[in-house]
Amino acid sequence: MSPNPMLIDSHCHLNYKGLIEDQAHVLERARARGVGTMLNIATRESEWDAVLDTAVREPDVWATVGIHPHEADEHPHVDTAKLVERAAHPRVVGIGETGLDYYYDHSDRDRQQASFRSHIAACRETGLPLIVHTRDAEEDTLAIMRDEMGKGAYSGVIHCFTASGAFADAAIDLGFYISISGIVTFKSAKDLQATAARLPIDRLLVETDSPFLAPVPHRGKSCEPAFVADTARFLADMRGESIDTLAAATSANFRTLFSKAA
Ligand SMILES: [Zn+2]
Ligand SMILES: [Zn+2]
């Protein structure tokens, strides 16, 4: 077993407070633990340039373009055309994060849904995958994903997965991937652990969602992409797979889904 199998952090926020102040060292520490690729996720229009600049500067960092559901109220002007235009950049490899968050309800639910649909339309136009955030909104998330699938195929990932096993199965049936974050290492996450243990390995991704959600044994610290190694090891142990097997599979899955980054 190699000490540092190649891993991919499929979802991080390198330009957020907590990581931006020390970004060069954050990237160094990730690389030192075998994190060979990171996907830097956009959440609001004002950060698109910064998120992309990091990806232009760093060969192992890629970018997305999108509006987080929390931010939907503030971005009524960001439509499919605007997303498609920005997604043409060679370092932008995905659309999101988008989706529905009925836990915080920071934006009006109708606006969240409209924004979600405009992101999916951008995926259909560009052929790029969708990055879905969903919290306390399983039913509406699935209904929109299914309805939009009827208008034409698109692919994507349910990021920082915490939903039910039934939701995971339905998303996989639609062709989606499931990305597991550090939450899976939390003692309280028994349901998530049970689901993550049985998901097909050819649909799994791993992520940090850093600077949030530091996995065990880093809880209480600011999370960073290097810690995806801890989450991957925990997940591999739990699933009875070697870390090398899990690392190879999740990296291959990432390259299949985010094929523009290959
Ligand atoms: Zn999210
Ligand atoms: Zn995120």
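The first residue in the sequence is number 1, and the count goes up from there. Not measured: the values here are computed from a predicted model. Order of appearance sets the numbers: ligands from 1, and atoms from 1 within every ligand.
Inside a sphere of radius 2.8 Å centred on the Zn ion (ligand 1), the protein N/O/S atoms present are Glu97 OE1, His133 ND1, His159 NE2.
Rounded to the nearest 0.5 angstrom, Ile178 CD1 and Asn253 CG are separated by 11.5 Å. Atom CZ of Arg203 and atom CG of Asp169 lie 11.0 Å apart (nearest 0.5 Å).
In terms of modelled atom types and a separation under 3.5 Å, the side chain of Gln112 and the main chain of Asp101 share a donor-acceptor contact.
Classified by interplanar angle (parallel below 30°, tilted 30° to 60°, perpendicular above 60°), the ring pair Phe227/His218 is parallel.
Salt-bridge formation is not detected for the pair Arg57/Asp53: no Lys NZ or Arg NE/NH1/NH2 atom is positioned less than 4.0 Å from an Asp or Glu carboxylate oxygen.
Results of the side-chain contact (heavy atoms from CB on, under 4.5 Å) test with Trp48 over Val78, Val92, Thr64, Thr43 single out Val78 as the only residue that passes.
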